[in-house]
Amino acid sequence: MTAARAQDVESLIARTALKYDLLPYTSNPFPQTQPARLAAIAHVFGLKYAPIAQAKVLELGCAAGGNIIPLAARFPEAKFVGVDLSRTQVAAGRTRIKDVGLSNIEIHCKSFTELGTEDGQFDYIICHGVYSWVPAPVRETILRICKERLSDVGIANISYNVLPGWRMLQALRDSFLLHVPDNNDSRSRVAKARELLDFLKNASHDTGVHKQNLQQWANRLAQLPDDYIAHEFLEETNEPCTFTNFVEAASRNGLEYLGETDLAPMVLDNLPAETAKRVREIANNQFLASEQYVDMLSGRTFRQSLLVGSHRAAEINRNLTPASVASLHFLSSAKMKLERAPDDTLTLRDVQERKLTTKASALANALERVAGAFPGSFSVDDLYSSLPAASRNETGKSLVLEAVLKMLLTGMVTGLAAPVDAEGSPSADAPVAFSIARHDAARGELATTSLRHERVQIDALGQVILPLMDGAHDKAAIRAKVEHAIAEGRITFHRDGKPLVPPEANVVAHERIEQMLTLYANAGLLVSA
Ligand SMILES: C[S@@+](CC[C@H](N)C(=O)[O-])C[C@H]1O[C@@H](n2cnc3c(N)ncnc32)[C@H](O)[C@@H]1O
């Protein structure tokens, strides 16, 4: 890099820091980035991975640590390091770490271009929502860090905007940048961008895809917060690349493409048979080429790719067999339903209407177990032990493995290298919530993270009851504290728009507490006994 170019990059980094200081990004958990999920993908492709409970994890551009802080709470023996430029975001993360009392995580406030070697090697490196939003030399730095700092069995996860799909969004970004002033008042820039989009979507006289694109994005952006719009659409740098370019850049830096955090879109057999056949033909049966064609077909705008050191390339085995899933844990996104037809055909169906159909009646209890495991995970061993005694043999094991592999490849479940021990029932007399949820609620936060590593909202009632869900307070004690909060005016329930007072307010409160406990159980916030 020339001195002038290096100076440009430095001043761009400083401007980025200022933008995130002035309008911090909502710092969320991303289930797809969690090491247990990355490890499971590596495992199905035949690679070794570091055990999650003792892993070392680095997150580049971690904002306020919303992704790694809950993981640090869940895996106290693992070690987490975050790096982010923005002082405001890092300060918020450090306060949360201190409040929760975690000693296995730190967040450095610096540019990752300045990252030293003092933290050693990492088993997992996560870089979510950063790569496309930094200039080319910084993108190279991200890849260099992954190459240099991954342990021998390390896995990196980088997400980025992809072409050609992102071109549809480029029309929006171009229009916004032509219209909004170039200053640091991000909120008013977003307000202007929203106003422009509102005008364009209604007034556009186009009768084709342009107007449809405007209308579709206007609807979506209306649901998204200002910080997302500011940093996704209005940042100085947003340089999507093709999948092919990304793989080339990784390879230049000694890294090998492994796969995506979501397996199902990588499985050509999930496409209509004729389409899959044609993709295989035009891609010459080459895996990377077919991935590129899938982007063209789907119009995908965002990828979440896994990379490993190129010394592991020869170990990657993309021929997935039932044995590949044997030691993993599996999670569904919602409770599935098992149906039994008069001819004894079993159909396990998820909320997106994906299904597993089998005539193997021996699997009935095992599939019931899959449905019943939600919001927690299940393992192959769990299913095997649910088979009738007479089927607990090699044939039974194969039936289970094949069923699990099918659910994994169609996206009905995701694989994990560590279990999710979440209690699905709110029936315990003294329920226990995940520690991070208790602390977040006590701090007055409006959202927290579940054991499934998903965001869960907290309302005023949740702020009172979650901190009490430590196993030391039974439901009677929780109800008494809520009644106290009502008496003090900290919580108010309404009927027909009018505030309720005790005793009616207390009756409503008791009902609401039960509803919230069920909701928290379903969200994976309750720890299983
Ligand atoms: C769009 S946000 C994404 C935050 C988080 N990873 C997520 O996905 O929600 C990008 C983050 O990268 C950080 N960032 C950008 N350039 C950076 C750099 N050179 N060094 C460290 N952090 C950087 C920003 O401060 C910001 O917090």
Side-chain angles (χ1 to χ4, degrees), residues 1 6-35 38 57-71 80-94 96 105-116 119 124-146 149 156-161 166 169 173 184 186 190 224-240 261 301-305 447 449 453-455:
M1 215 189 322
Q7 237 178 15
D8 287 349
V9 171
E10 262 177 49
S11 64
L12 179 51
I13 289 176
R15 290 198 295 280
T16 304
L18 181 65
K19 289 261 170 73
Y20 282 95
D21 278 341
L22 293 173
L23 183 57
Y25 204 63
T26 309
S27 195
N28 281 320
F30 296 101
Q32 66 280 20
T33 69
Q34 57 182 316
L38 309 183
V57 183
L58 170 67
E59 180 162 4
L60 301 172
C62 66
N67 195 32
I68 45 174
I69 295 174
L71 291 171
F80 295 82
V81 175
V83 186
D84 202 280
L85 272 180
S86 150
R87 272 181 293 183
T88 315
Q89 298 187 126
V90 171
R94 287 178 178 165
R96 189 174 178 207
I105 176 165
E106 43 182 329
I107 302 184
H108 301 311
C109 187
K110 57 165 78 154
S111 168
F112 38 71
T113 50
E114 312 281 311
L115 194 67
D119 292 306
Y124 300 92
I125 299 181
I126 304 163
C127 186
H128 186 270
V130 180
Y131 187 84
S132 301
W133 296 266
V134 291
V138 182
R139 290 201 287 275
E140 289 292 309
T141 303
I142 293 174
L143 294 170
R144 182 179 51 73
I145 292 173
C146 292
R149 309 299 294 282
N157 171 216
I158 300 179
S159 63
Y160 49 101
N161 286 340
W166 218 85
L169 291 176
R173 172 168 155 85
N184 287 329
S186 297
V190 172
L224 293 167
D226 283 1
D227 58 281
Y228 176 83
I229 296 174
H231 299 302
E232 172 75 20
F233 288 99
L234 307 180
E235 280 298 341
E236 210 170 319
T237 310
N238 185 339
E239 292 171 14
T261 54
T301 56
F302 190 59
R303 269 189 178 263
Q304 311 190 63
S305 298
T449 300
H453 205 51
E454 292 167 350
R455 181 182 157 94

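Keep in mind it's a predicted model, so treat the numbers as computed, not measured. Just follow the structure's listing: the first ligand is 1, and inside any ligand the first atom is 1.
Close contacts between ligand 1 and Gly129 involve ligand atoms 1 (C), 2 (S), 3 (C), 10 (C) [criterion: under 4.0 Å to a heavy atom]. With ligand atoms numbered from 1 in the order given, ligand 1 contributes 7 (C), 8 (O), 9 (O) to contacts under 4.0 Å with heavy atoms of Phe30. Atoms of ligand 1 found under 4.0 Å from any heavy atom of Ala63, numbered from 1 in the order shown, are 4 (C), 27 (O). Here is the list of ligand 1 atoms found below 4.0 Å of a heavy atom in Gln89: 25 (O), 26 (C), 27 (O).
In this structure, of Asp84, Leu12, Val83, the residue bringing a heavy atom nearest to atom 25 (O) of ligand 1 is Asp84. Among Tyr25, Tyr131, Phe112, Tyr228, the residue whose heavy atom sits closest to atom 9 (O) of ligand 1 is Tyr25. Around atom 8 (O) of ligand 1, the closest heavy atom drawn from Glu10, His128, Lys19 belongs to His128.
Under a 4.0 angstrom heavy-atom cut-off, Val130 registers as being in contact with ligand 1. Ligand 1 lies out of reach of Trp133, whose nearest heavy atom is not under 4.0 Å from it. Put simply, part of Lys110 is less than 4.0 Å from ligand 1, judged by heavy atoms.
At a heavy-atom distance under 4.0 Å, only side-chain atoms of Glu59, from C-beta outward, approach ligand 1. Contacts between Val134 and ligand 1 below 4.0 angstrom, taking non-hydrogen atoms only, involve the side chain exclusively.
For the pairing with His108, the side chain to side chain contact (heavy atoms under 4.5 Å, CB included) check across Asp119, Leu58, Leu85 returns one residue only, Asp119. Considering Glu239, Arg303, Glu232 in turn, Glu232 is the only one that fulfils the side chain to side chain donor-acceptor pair (under 3.5 Å) rule with Asn161.
Taken to the nearest 0.5 Å, the OG1 atom of Thr141 stands 10.5 Å off from the OH atom of Tyr131. In this structure, CD1 in Ile126 is found 6.0 Å from CG in Leu38, a value given to the nearest 0.5 Å. Here Asn28 contributes atom CG and Thr449 contributes atom OG1; the two are 7.5 Å apart, rounded to the nearest 0.5 Å.
With hydrogens and angles disregarded, no donor-acceptor distance shorter than 3.5 Å links the side chain of Arg455 to the backbone of Pro29.
Nearest protein heavy-atom neighbour of atom 22 (N) of ligand 1: Leu85 N, 3.3 Å. In terms of protein heavy atoms, atom 2 (S) of ligand 1 is closest to Tyr20 OH, 3.5 Å. The nearest heavy-atom contact from the protein to atom 19 (N) of ligand 1 is Ser111 OG, 3.1 Å.
With hydrogens and angles left out, the side-chain atoms of Thr261 and Asn157 include no donor and acceptor closer than 3.5 Å. Between the side chains of Ser86 and Asp21, at least one donor N or O sits under 3.5 Å from an acceptor N or O.
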Check the pair Val130, Val138 against side chain to side chain contact (heavy atoms under 4.5 Å, CB included), reporting the backbone distance first and the verdict last. CA-CA 10 Å; Val130 180; Val138 182; over 6 Å; no

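Ring geometry for His231 against Tyr20 counts as parallel: the plane angle stays under 30°, on a 0 to 90° scale with 60° as the upper cut.
Checked by distance only, ligand 1 and Gly61 come closer than 3.5 Å through their nitrogen or oxygen atoms.
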